[in-house]
Amino acid sequence: MATVELLTQIEQGNIHKRIPVDSYDVQVKPIYEEQLKSVSVVPSVEFDPEVHLVFKKEYVNETPKMTMEELGLTSPTQISEVGVTNPFPLFSKEAVEIMRSEVLREEVFKKCARVSMSSTSGLDAVIRGYAKDSCPFTYAAWKHPKTIEAVSLMAGVELELIMDYEIAQINVGMKSAEQAKNERADLARRNSLNDSYNDDIPAIVGWHNDSYPFVCVLMLSDTTYMIGGETLLKTGTGKIIPTPGPSMGKAVVLQGRKILHLAPVPLGSTERITAVSSYRAKNSLLPDTSVLKTVKPETNYGSIYNDFYPEWLNCRMKVIMDRAANIKEKFNTASEKGEKFDKEEAFKLLKDLDAYVKHSWTEMEVSDKEYAAHFIKKN
């Protein structure tokens, strides 16, 4: 059972897991100051899809993809045949520079950054729920209809952002320049990456399924000297396969709810910063397999209790209302046409709706095991 102290810490926003001030000053601030030197425009510039969005519709056919069938992971509740895409250009260099300058600001980092619970290296941070209030360019870039359209085209299904809180979650991995240099000198490691993979891999984000149907992962770091760091997927047979890592400004789209994957710690670079935005099908009648396993405040230090849960509730209520309206319209139309009332169909639709409602609140429940994990990682 959770202690009163732990419950209080969670409800107050997991502030006990903020990134220490000295960690920001030593590891992040120098990167931010260097970033400001290279930013060619002021951070207050507005997002312009004609300038900052470099996606082209040709990429849909030109970009290699792996289907759910090829991965051996087909499911009756998948919302697309697309499992994962190779990297494709999404945002311009200027856009990425502005995004970096926004999120690496001291006030944003110190307020929103938390230690990552899923890291296996213990040196990584997550920044969640910051975009709408603190980073206007980043928020506008991901919310723009043309950006959502680009992600949808690559996913093979019309999507919508799951909620504002899940816009551009930042995963941060940091190292010293000396450590990165030493890693680049170890060419044997580069060769070993091409041999085989196992489950015991140091990771920024350990083995997991995403909580939402689809994600778009954008690289915000220069990967020129990065060795490894590509996302690893586990197929239906248990085989671990790599997907090409994106370079700065490029993204991959992944049906992450259905695919077990991992973001390994890269070698040879001082940072690996990615932005992850989450989506569900725009059509509320399609399966919504969202869960809270990896994102609720009790299992993710980066989720702030009083900010996260209201958005989750609003998200679920929208789907519930859409599905209820569909049931009403379906049977009203049948009645107007003089058709016989289909009780079995009514039962099915109402039971499905009831299951969705129940799932919405049971996902908010927290097990003793989850509380124990939170407590253990706290100490």
Side-chain angles (χ1 to χ4, degrees), residues 7-19 24 28 32 43 47 98-119 124-144 147-148 151 159-173 204-205 208 210-218 220 256-257 263 273-280 290-318 360 363-364 366 370 374 377-378:
L7 288 173
T8 300
Q9 290 172 335
I10 292 170
E11 291 175 4
Q12 289 180 344
N14 291 322
I15 57 177
H16 61 298
K17 280 299 179 179
R18 281 180 175 169
I19 301 300
Y24 176 85
V28 182
Y32 174 65
F47 176 74
I98 298 172
M99 290 176 183
R100 284 171 59 89
S101 67
E102 283 189 330
V103 76
L104 294 178
R105 281 181 296 144
E106 185 172 351
E107 57 267 35
V108 174
F109 211 93
K110 290 184 177 179
K111 176 184 176 183
C112 302
R114 300 289 190 273
V115 174
S116 174
M117 289 189 72
S118 62
S119 169
D124 310 304
V126 61
I127 310 175
R128 294 171 49 74
Y130 68 94
K132 184 176 182 179
D133 294 331
S134 302
C135 299
F137 182 91
T138 298
Y139 181 75
W142 286 101
K143 287 281 283 191
H144 198 281
T147 303
I148 297 174
V151 176
L159 300 172
E160 68 177 20
L161 288 158
I162 196 84
M163 50 185 169
D164 284 349
Y165 205 87
E166 301 298 351
I167 292 177
Q169 168 192 306
I170 300 294
N171 294 317
V172 183
I204 293 175
V205 182
H208 68 289
D210 293 326
S211 286
Y212 308 115
F214 262 98
V215 293
C216 180
V217 184
L218 172 71
L220 295 180
R257 181 73 197 98
I273 304 176
T274 57
V276 184
S277 287
S278 298
Y279 303 81
R280 70 170 182 87
S290 300
V291 297
L292 296 185
K293 183 178 180 181
T294 64
V295 295
K296 59 187 170 184
E298 295 85 357
T299 58
N300 189 315
Y301 297 132
S303 293
I304 307 304
Y305 187 92
N306 286 321
D307 296 335
F308 176 80
Y309 277 128
E311 288 205 23
W312 165 255
L313 191 59
N314 284 336
C315 170
R316 301 296 282 192
M317 289 307 298
K318 179 183 183 299
S360 298
E363 277 301 309
M364 298 169 68
V366 187
E370 288 173 322
H374 192 111
K377 293 192 177 189
K378 167 183 173 294

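For this chain, numbers begin at 1 and follow the sequence in order.
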*Distance-only side-chain donor-acceptor flag, Thr299 / Glu370, under 3.5 Å*: no
*Under a 4.5 Å cut-off applied to non-hydrogen side-chain atoms, are Ser116 and Tyr301 in contact?*
no
*Ion pair Asp307/Arg128, N-O distance below 4.0 Å*: no
*Answer yes or no: is there a donor N or O on one side and an acceptor on the other, between the side chain of Ser303 and the main chain of Val295, under 3.5 Å?*
yes
_Backbone N/O of His374 and side chain of Glu298: donor-acceptor pair under 3.5 Å_ = no
*Would you call Arg257-Asp210 a salt bridge at under 4.0 Å N-O?*
no
*For the atom pair CZ (Arg100) and CG (Leu220), what is the distance rounded to the nearest 0.5 Å?*
7.0 Å
*Are Glu160 and Lys318 close enough that some pair of their side-chain heavy atoms sits under 4.5 Å apart?*
yes
*Heavy-atom side-chain contact between Ser290 and Ser211 under 4.5 Å*: no
*Using distance alone, with no hydrogens and no angle criterion, decide if Asp133 and Tyr139 have a side-chain donor and acceptor under 3.5 Å apart.*
no
*asked:* I need the Arg316 CZ to Glu311 CD distance, nearest 0.5 Å.
replied: 14.5 Å
_If you define the side chain from C-beta out and look only at heavy atoms, does anything of Val215 sit under 4.5 Å from Gln169?_
no
*asked:* Any non-hydrogen side-chain atom of Asn314 less than 4.5 Å from a side-chain atom of Tyr309?
replied: no
*Going by an N to O cut-off under 4.0 Å, is there a salt bridge joining Lys296 and Glu363?*
no
*Validation row: Ile162, Phe214 side chains within 4.5 angstrom (heavy atoms)*: no
*Does one side chain, of Glu166 or Tyr212, offer a donor that lies under 3.5 Å from an acceptor on the other?*
yes
*Could you grab the distance from atom SG of Cys135 to atom CD1 of Ile98, nearest 0.5 Å is fine?*
12.0 Å
_Distance in Å, Tyr32 OH paired with Phe109 CZ, rounded so as to fall on 0.5 Å steps_ = 13.0 Å
*Does the side chain to side chain contact (heavy atoms under 4.5 Å, CB included) test come out yes or no for Ile167 and Lys143, once each step is laid out?*
CA-CA 8 Å; Ile167 292 177; Lys143 287 281 283 191; 3.5 Å; yes
*Which atoms form the tightest heavy-atom contact between Thr147 and Phe47, and what is the distance?*
OG1-CZ, 4.0 Å
*How long is the gap from CD1 on Ile15 to NZ on Lys111, to the nearest 0.5 Å?*
13.0 Å
*What heavy-atom pair brings Val108 and Val103 nearest, and what distance separates the two atoms?*
CG1-O, 3.7 Å
*Heavy-atom distance under 4.5 Å between the side chains of Tyr130 and Ile170, does that happen here?*
yes
*Taking the side chain from Thr138 and the backbone from Ala131, do they hold a donor-acceptor pair closer than 3.5 Å?*
no
_Could you go through Asp124 and Val172, starting from their C-alpha distance and side-chain angles, then the distance that decides it, and tell me whether this counts as side chain to side chain contact (heavy atoms under 4.5 Å, CB included)?_
CA-CA 6 Å; Asp124 310 304; Val172 183; over 6 Å; no
*Stepwise side chain to side chain contact (heavy atoms under 4.5 Å, CB included) check, Asn300 with Val126*: CA-CA 9 Å; Asn300 189 315; Val126 61; 4.0 Å; yes
*asked:* Whether the side chain of Arg114 engages the backbone of Asn14 through a donor-acceptor N/O pair (distance < 3.5 Å, no angle test) should be reported.
replied: yes
*Can you tell me if Trp312 uses its side chain to pair, donor with acceptor, with the backbone of Leu292 under 3.5 Å?*
no
_Main chain of Ser134, side chain of Arg105: is a donor-acceptor contact present, judged purely on distance under 3.5 Å?_
yes
*So does Lys293 have more than 12 non-hydrogen atoms from other groups sitting under 6.0 Å from NZ?*
no
*Nearest-0.5 Å distance, CD1 of residue Ile10 to CG of residue Asn306*: 12.5 Å
*Is there side-chain contact between Cys216 and Trp142, with heavy atoms separated by less than 4.5 Å?*
yes
*Give the C-alpha distance, both sets of side-chain angles, the deciding distance and a yes or no for side chain to side chain contact (heavy atoms under 4.5 Å, CB included) between Leu161 and Arg280.*
CA-CA 7 Å; Leu161 288 158; Arg280 70 170 182 87; over 6 Å; no
